[in-house]
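Report on one structure; see the data block that follows.
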Amino acid sequence: VQLQASGGGSVQAGDSLRLSCAASGRTFSSYSMGWFRRVPGKEREFVAVIRWSGDSTYYADSVKGRFTISRDNAKSTVYLQMNSLKSEDTAVYYCAASSTIVEFGRMWYLTQESRYAHWGQGTQVTVSS
């Protein structure tokens with residue numbers, strides 16, 4: 001599967017953005033989809049993941065309550081709605097696809113980069129305070 005992330009931009013603290021990640025291929029609905037981000041000079045970190053079926057999500061503590069991940073399997077697209085943005089959310093955001101099957105309630109297993117075989121190119125989000 002090939003992934004194309006979009007929707008990044010420059011906003012003020014407190015604003016909202018919605019990132020999209022469009023997937024090619026006919027097997028999108030079989031992948032759990034994650035969002036990660038990287039700040040220059042730091043390791044890429046987990047942000048959110050949604051199970052292949054859309055019935056389970058998991059978030060990093062730093063974004064819980066502000067970000068929402070969702071998917072539309074008919075459109076082969078995963079979204080990351082980001083509200084109440086903070087300057088520390090500034091990063092390049094990447095979407096990724098994992099074929100690892102996890103049981104409902106064990107989504108924490110997909111917080112590691114190594115679980116993902118397919119990555120998008122990244123989209124820059126800049127939040128000014």
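Given the structure is predicted, the values throughout are model-derived calculations rather than measurements.
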Rounded to the nearest 0.5 Å, how far does [atom2] of [Y] lie from [atom1] of [X]?
| X | Y | atom1 | atom2 | answer |
| --- | --- | --- | --- | --- |
| Trp119 | Glu113 | CH2 | CD | 4.5 Å |
| Gln12 | Leu85 | CD | CG | 11.0 Å |
| Gln4 | Thr123 | CD | OG1 | 9.0 Å |
| Ser99 | Tyr31 | OG | OH | 5.5 Å |
| Cys95 | Arg37 | SG | CZ | 15.5 Å |
| Ser76 | Leu3 | OG | CG | 10.5 Å |

Between [X] and [Y], which heavy-atom pair has the shortest distance, and what is it?
| X | Y | answer |
| --- | --- | --- |
| Gly105 | Ser56 | N-OG, 4.3 Å |
| Ala97 | Val1 | CB-CG1, 4.0 Å |
| Val92 | Gly122 | CG1-CA, 3.8 Å |
| Gln81 | Ser16 | NE2-CB, 3.9 Å |
| Val39 | Ala91 | CG2-CB, 3.9 Å |

When you group the ILVMFWY residues by side-chain heavy-atom contacts below 4.5 Å and let the links chain together, are [Y] and [X] in the same group?
| X | Y | answer |
| --- | --- | --- |
| Leu19 | Val11 | yes |
| Met82 | Tyr58 | no |
| Phe67 | Tyr79 | no |
| Tyr116 | Tyr94 | yes |
| Tyr109 | Met107 | yes |

Does Arg38 CZ have over 12 foreign heavy atoms under 6.0 Å away?
->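 Counting other residues, nucleotides and ligands, CZ of Arg38 exceeds 12 neighbours.
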Report, as yes or no, whether the 6.0 Å neighbourhood of atom NZ on Lys64 holds more than 12 heavy atoms from other residues, nucleotides or ligands.
-> yes
In the structure I gave you, are the side-chain heavy atoms of [X] and [Y] within less than 4.5 Å of one another anywhere?
| X | Y | value |
| --- | --- | --- |
| Val63 | Leu80 | no |
| Tyr59 | Ile69 | yes |
| His118 | Gln2 | no |
| Lys75 | Ser20 | no |
| Val127 | Glu88 | no |

Should Asp89 and Lys86 count as an ion pair when the cut-off is N to O under 4.0 Å?
->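 Not counted as a salt bridge, because no side-chain N and carboxylate O are separated by less than 4.0 Å.
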Does the ring of Phe28 carry Arg71 above it, NZ/CZ under 6.0 angstrom from centre and within 45° of its axis?
-> yes
May I ask you to establish whether Arg51 and Phe104 are in a cation-pi arrangement, using a distance under 6.0 Å from NZ or CZ to the six-membered ring centre and at most 45° from the ring axis?
-> no
With a 3.5 Å distance limit and no angle check, can you tell me whether [X] reaches the backbone of [Y] through a side-chain donor-acceptor pair?
| X | Y | result |
| --- | --- | --- |
| Gln121 | Ala5 | yes |
| Ser98 | Arg115 | yes |
| Ser32 | Trp52 | yes |

Pick from Thr111, Leu110, Val78, Val102: which one makes a side chain to side chain contact (heavy atoms under 4.5 Å, CB included) with Val49?
->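 With Val49 as partner, side chain to side chain contact (heavy atoms under 4.5 Å, CB included) holds for just one option, Leu110.
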Aromatic ring pairing Phe36/Phe46, orientation class (parallel under 30°, perpendicular over 60°, tilted between) | perpendicular
